[in-house]
Engineer: 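Attaching a single structure in C-alpha cells format; questions to follow.
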Amino acid sequence: MTTTPTCHDPAPVMLGVPTRGPHGSRSAMTCEFRCGNACDKPVPNRSANEEFAQVATRALARRRVLQGGLTAGALGALALSPFSPAAATGPGRPAPTGRGRGRRGAGTWDFTPVEPNKKDRVTVPDGFTSELLIAWGDPVTRHAPRFDVRRQSAASARTQFGYNNDFVALLDHPARRDRALLVANHEYTNEPLMFPAGTHTPEQVLEVAIANHGMSVVEVQKGRQPGQWSVVKAGATRYNRRLHDQTIFELTGPAAGDPRLRTSQDPSGRRVRGTFNNCAGGVTPWGTVLSGEENFNQYFDASGDMDPEYAASYARYGISGVGRGWNRVDPRFDLTREPHEPYRFGWIVEIDPSDPRSTPRKQTMLGRFKHEGADVTIAPSGHAVAYMGDDERGDYLYRFVSRDTYDPRPTARARRRNLGLLSAGTLSVARLTGDGSADGRYDGTGTWIPLTDERRSFVRGMSVADVLIDTRLAADRVSPTKMDRPEDVEVNRVNGRVYAALTNNSNRGTSAMPADEANPVTTSMVRDRLDGPLRSASGNRNGYVLEMTPGRRGHTGPDFVWNLMLVCGDPHAPETWFAGFPKQLVSPISCPDNVAFDSVGNLWISTDGNVLGSNDGLFRVPVAGPERGKVEQFLTVPLGAETCSPFITADQQAVLVAVQHPGEVDGATYETPASTWPHTHPHPRPGVVVVRRS
C-alpha cells in the first residue's frame, strides 16, 4: 500500500566530521561512513534464536584447563578425539599439510614477525618490500582525466579508481601469461577526507561520492623481479572497466522480476543501476568474481512517510529512512518515492573480468542480506558450494549448493553452463551446537538448515521469492545460531575445512546480547594505546576464527563439526586461545576480518579495528602440524587504515593487500589529515599494495 507523503525536513548532506565515538573498536568516523553507525542502533535480529556466545560458552569452558598447559592425559584425550585436527583426514578429505610443504613462496617464507606499531606506512618484515600498485583517482578507462582533487566530478570518478577498496583479486589474463586482471571493490566514501573546503557544492559532493562506489577491473603487467606487478596504461588495454552507479546489472535467479524488485525506472524488476558498499568477495572456478553488497541500508532516505507494508522488512535490514542525503541528487534513493529500491541491493554480484562487454549480474539465489562476500568451492560431486557470512551483530552463516554440476572443460559450452551455476540450487543457514566440556574436547557440531531451492520454499508461510528477498526474516523462523558478526568465510583447498572470521561484538553480555555465564567472549582485555596496560572491557572485543569440518558427505552434506581455532586478543589475556600453541610465541591479533590461504594451506588473516593499541595488520597462521595456531604478524597498515583482502598470487611470490580508509581518525579533515599515505599527495589515498621479497 502506498501512503501519501508528508513534509519532512530533508536529511543533512554529510559533510561534517563525526565526533562521537569510539564505537567498539573503530573510530567514530569509520562507523559513520562505512556502516551508518550500525552499533548505535538496535540489533536488527530480535528473534529468540540462540546466540553463538551461549554455544561458545559451553565449548570454551574447557579453556580454563587448557590455559595452564594440558596434562598428558588431557593431551591424549584431545589427540584421540574423532573431531580433533589430527583425526580429520579420511576418505574424501585431503590430508592436512602445514608450513613447509608444497610450492615455495608465501607459505614457506621465513620472516621475523612485525611488532605492533602506530607508523603511517605499510610495515613489512626485513627482507620484504611493499609497493603501491594503484590508488584512488588513478586512471582506469582510456578517457580518464588526470586526478585533480579540487576538480572532482561524477563523470571523472566513473573513469578512475574508486574510493576505498576492500576485496582485491588477481585473475589470469585471457591471452597473455605475463599479464593479469586486477579486480577491486570500492566499498564506501569519506567526504571530509576527500574534498578540500570550498571546492564543491553539497550536491556535487554527493554526486562524486556516489560515483566513487562500485568496482574496477585493471590490467596489470608482471615485472622483472618475482612478485613485481605494475599497471598497464589505460589506453593500452581493452580489459579495463569501471563499474559504477550508472552501470546496468542484471538480476538473475528465482527472485528476478518479483514485484518488490520493480521500480518506476525499471518496471521489469530485472535491471539495476549500480552496486554499493561492496565488501569482500571471491573468485569462482570458472573465472568470474563475486562481490558482496553489505551496508546498503544506509543509503536510503525518506522525504515523507514510508509504506507500512515494508516496515518489518526494513527494520530487519536496518533501513530507517535516514541516510546520506543521496535522494537529493537521485530520487531512487528516496523510500517515499521508490519503496522497492532497497530490495535491489544486498545481493552477491558476479562479474566476468575477461569480457568487458558482459553484463554483471546480481545472483538472487544466494539470498539478500548484508553480504560480506562469497567463496565457491567444487565438491567431489561436482556441485558448486558457496559459503557466506551476514556481517551484523547476531546474524547468521549461510551456504549455497548448486543444483547443477561444474564442467571443467575449457570450452565455450562449459563456460555457459558454469555461468548459470549460481542461479539454481539450495540455500541453507547454519545452526551450531556446543557439546559441553565434560568430554574434554574442544569442539561442537553443526547443521545446515535448508531455506529454499529454486522451485520450493522450505520455510512455512514464505514463497521462494520471499525467502530470497527477505532472507533474514526467513532464517529467523528456523532457529539458526546468532553469530558475532560473521565476515569472510572461505574454504581451505588443502585440508577442505571452512574458516570464518567473526570480527567482534562489543555488546556481547548486555541485555541485548545475553550469555548464560561469564566467559572470555563477554569480557575482553584491550589496550587504549600501544604502550598502555591491558584493561578489562565488556563484550567480545577481539573476535574469533571459527574452523568447520564438513561431515561424511562433505561440503554438500547436512552437517559439520566446528571449533574455535582462535579466540583473538593479547597473548597475555586469559581469555585468548591459539589452537593450543604456546601463547608466549604468538603475535597479538585483534578483530579478524578477511581470510585467505597459501598453496600449503596456511591461513592468512587481515584485521579491522584493532583494540590492542596498534595499527591493523596481516597475519599468517599454520592450521596443522606442530605449529598449528602460531600467529605471526606479517605486516601492518598505516594510521587509521583497515587491512583488506589479502590475495596471494597464483605463483605464491606476492601478497596483495588493500589499504582501506587510511587516516580515518576522529577529527581528521582534508586540511588536517591524520595520515597522508601513500605519501604521493598531501591527503590520504586508499589503494592496493603488493608485498614481495626484496
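We number each residue from 1, following the sequence as shown. All values below come from the heavy atoms of this structure, side chains included, with hydrogens, waters and symmetry mates left out.
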Engineer: Got Thr405 and His383 here, is their nearest side-chain heavy-atom distance under 4.5 Å?
Structural biologist: yes

Engineer: Closer than 3.5 angstrom, by distance alone: can the side chain of Glu454 be matched with the main-chain N or O of Gly425 as a donor-acceptor pair?
Structural biologist: yes

Engineer: Scan side-chain atoms only and decide if Ser313 and Asp470 contain a donor-acceptor pair under the 3.5 Å cut-off.
Structural biologist: yes

Engineer: Is the closest side-chain heavy-atom distance between Leu290 and Gln363 below 4.5 Å?
Structural biologist: no

Engineer: Could you walk me through whether Thr288 and Leu419 pass the side-chain contact (heavy atoms from CB on, under 4.5 Å) check?
Structural biologist: CA-CA 8 Å; Thr288 61; Leu419 286 171; 3.6 Å; yes

Engineer: Let me see the working for Glu490 and Tyr499 under side-chain contact (heavy atoms from CB on, under 4.5 Å), right down to the final yes or no.
Structural biologist: CA-CA 6 Å; Glu490 298 202 15; Tyr499 294 79; 6.0 Å; no

Engineer: Are any non-hydrogen side-chain atoms of Met388 and His371 less than 4.5 angstrom apart?
Structural biologist: yes

Engineer: Indicate the atoms forming the closest heavy-atom contact of Glu372 with Asp391, along with that distance.
Structural biologist: OE1-OD2, 3.4 Å

Engineer: Establish, yes or no, whether the cationic atom of Arg368 lies under 6.0 Å from the six-membered ring centre of Phe296 and within 45° of the ring axis.
Structural biologist: no

Engineer: If you look at every heavy atom in Asn165 and Ala658, which pair is closest and at what distance?
Structural biologist: O-CB, 2.9 Å

Engineer: In terms of ring plane angle, is the pair Phe345 and Phe276 parallel, tilted or perpendicular, where the classes change at 30° and 60°?
Structural biologist: tilted

Engineer: What is the distance from atom CG of Asp330 to atom CD of Glu341, rounded to the nearest 0.5 Å?
Structural biologist: 7.5 Å

Engineer: Measure the CD1-CZ distance between Ile449 and Arg399 for me, rounded to the nearest 0.5 Å.
Structural biologist: 11.0 Å

Engineer: Does one side chain, of Asn295 or Glu187, offer a donor that lies under 3.5 Å from an acceptor on the other?
Structural biologist: no

Engineer: How are the rings of Tyr299 and Trp326 set relative to one another: parallel (under 30°), tilted (30 to 60°) or perpendicular (over 60°)?
Structural biologist: parallel

Engineer: With a 4.5 Å heavy-atom cut-off, do Val283 and Leu171 have their side chains touching?
Structural biologist: yes

Engineer: When you look at Leu656 and Leu182, which way does the side-chain contact (heavy atoms from CB on, under 4.5 Å) test go after all the steps?
Structural biologist: CA-CA 10 Å; Leu656 274 65; Leu182 174 76; 3.8 Å; yes

Engineer: Using the rule given for side-chain contact (heavy atoms from CB on, under 4.5 Å), can you reason through Glu547 versus Asn563, listing the C-alpha separation, both sets of side-chain angles and the distance that settles it, and then say yes or no?
Structural biologist: CA-CA 5 Å; Glu547 181 181 58; Asn563 73 91; 2.7 Å; yes

Engineer: Short question: side chain of Arg417, backbone of Tyr406 - any donor-acceptor pair under 3.5 Å?
Structural biologist: no

Engineer: What pair of heavy atoms forms the shortest contact from Asp466 to Gly461, and how long is it?
Structural biologist: OD2-O, 4.3 Å

Engineer: Ignoring hydrogens and geometry beyond distance, is a side-chain donor-acceptor pair present between Glu487 and Thr503 at under 3.5 Å?
Structural biologist: yes

Engineer: Answer whether the closest heavy-atom distance between the side chains of Glu350 and Val289 falls below 4.5 Å.
Structural biologist: no

Engineer: Please give me the minimum heavy-atom distance between Ser381 and Thr556, naming the atom from each residue.
Structural biologist: OG-CG2, 3.9 Å

Engineer: First locate atom NE2 of His661, then atom SG of Cys644, and finally report the distance between them rounded to the nearest 0.5 Å.
Structural biologist: 6.5 Å

Engineer: Just wondering, do Asn504 and Arg485 contact through their side chains at under 4.5 Å, heavy atoms?
Structural biologist: yes

Engineer: Is Asp390 reaching over with its side chain to a backbone N or O of Tyr396, donor-acceptor style, under 3.5 angstrom?
Structural biologist: no

Engineer: Roughly how far, to the nearest 0.5 Å, is the CD1 atom of Ile469 from the OG1 atom of Thr364?
Structural biologist: 8.0 Å

Engineer: If the plane angle is over 60° it's perpendicular, under 30° parallel, otherwise tilted; pick one for His340 and Tyr310.
Structural biologist: perpendicular

Engineer: Minimum heavy-atom separation for Gly269 and Leu251, please, with both atom names.
Structural biologist: O-CD1, 3.3 Å

Engineer: Inspect the contact between Asp453 and Arg403 and indicate whether a charged nitrogen and a carboxylate oxygen are less than 4.0 angstrom apart.
Structural biologist: no

Engineer: Say whether, by atom type as modelled, one donor and one acceptor occur between the side chain of Asn492 and the main chain of Gly601 under 3.5 angstrom.
Structural biologist: yes

Engineer: Using only heavy-atom distances, determine whether the side chains of Asp404 and Ser402 contain a donor-acceptor pair under 3.5 Å.
Structural biologist: no

Engineer: State, without any angle test, whether Thr607 and Asp616 hold a side-chain donor-acceptor pair at a distance under 3.5 Å.
Structural biologist: yes

Engineer: Evaluate the side-chain proximity of Trp347 to Leu366: yes if any heavy-atom separation is below 4.5 Å, no if none is.
Structural biologist: no

Engineer: Do Tyr398 and Phe369 have ring centres separated by under 6.0 Å?
Structural biologist: yes

Engineer: So, Asn278 versus Asn185: side-chain donor-acceptor pair below 3.5 Å or not?
Structural biologist: no

Engineer: Mark yes or no for whether Arg477, through its side chain, and Arg460, through its backbone, hold a donor-acceptor pair below 3.5 Å.
Structural biologist: yes

Engineer: As an exercise, state the distance from CE of Met306 to CG of Asp301, rounded to the nearest 0.5 Å.
Structural biologist: 10.0 Å

Engineer: Donor-acceptor pair, distance only, cut-off 3.5 Å: does the side chain of Arg472 make one with the backbone of Asp395?
Structural biologist: no

Engineer: Between Asn418 (side chain) and Asp407 (backbone), is there a donor-acceptor pair under 3.5 Å?
Structural biologist: yes

Engineer: Salt-bridge test for Asp352 and Arg415: reply yes if a basic N is under 4.0 Å from a carboxylate O, no otherwise.
Structural biologist: yes

Engineer: Under the ring pair (Phe, Tyr, Trp, His ring centres under 6.0 Å) definition, can you give me all pairs with a residue in residues 447-480, not counting sequence neighbours?
Structural biologist: Tyr387-Trp448, Trp448-Phe560

Engineer: On the ring face of Phe597, is Arg493 found with NZ or CZ under 6.0 Å from the centre and within 45° of the axis?
Structural biologist: no

Engineer: Evaluate the salt bridge (charged side-chain N to carboxylate O under 4.0 Å, His left out) criterion for residues Asp245 and Arg158: first the C-alpha distance (whole Å), next the side-chain angles of each, then the deciding distance (0.1 Å), finally the verdict.
Structural biologist: CA-CA 8 Å; Asp245 62 306; Arg158 294 179 186 123; 2.9 Å; yes

Engineer: Can a side-chain donor-acceptor contact be found between Asn297 and Tyr314 if the only test is distance below 3.5 angstrom?
Structural biologist: no

Engineer: Output yes when a side-chain donor or acceptor of Asn277 lies under 3.5 Å from a complementary backbone atom of Glu293, and no otherwise.
Structural biologist: no

Engineer: Between the side chain of Lys362 and the main-chain N/O of Phe249, is any donor-acceptor distance below 3.5 Å?
Structural biologist: no

Engineer: Which heavy atom of Pro285 sits nearest to which heavy atom of Val376, and what is that distance?
Structural biologist: CD-CG1, 3.7 Å

Engineer: Please round to the nearest 0.5 Å and tell me the distance separating atom CG of Leu421 and atom CZ of Phe400.
Structural biologist: 8.0 Å

Engineer: Give a yes or no on whether the backbone of Asn164 and the side-chain of His186 come within a donor-acceptor separation of less than 3.5 Å.
Structural biologist: yes

Engineer: One thing to verify: whether Arg332 and Glu338 come together as a salt bridge, which I'm taking to mean a side-chain N less than 4.0 angstrom from a carboxylate O.
Structural biologist: no

Engineer: Do the side chains of Thr30 and Glu642 get nearer than 4.5 Å, heavy atoms only?
Structural biologist: no

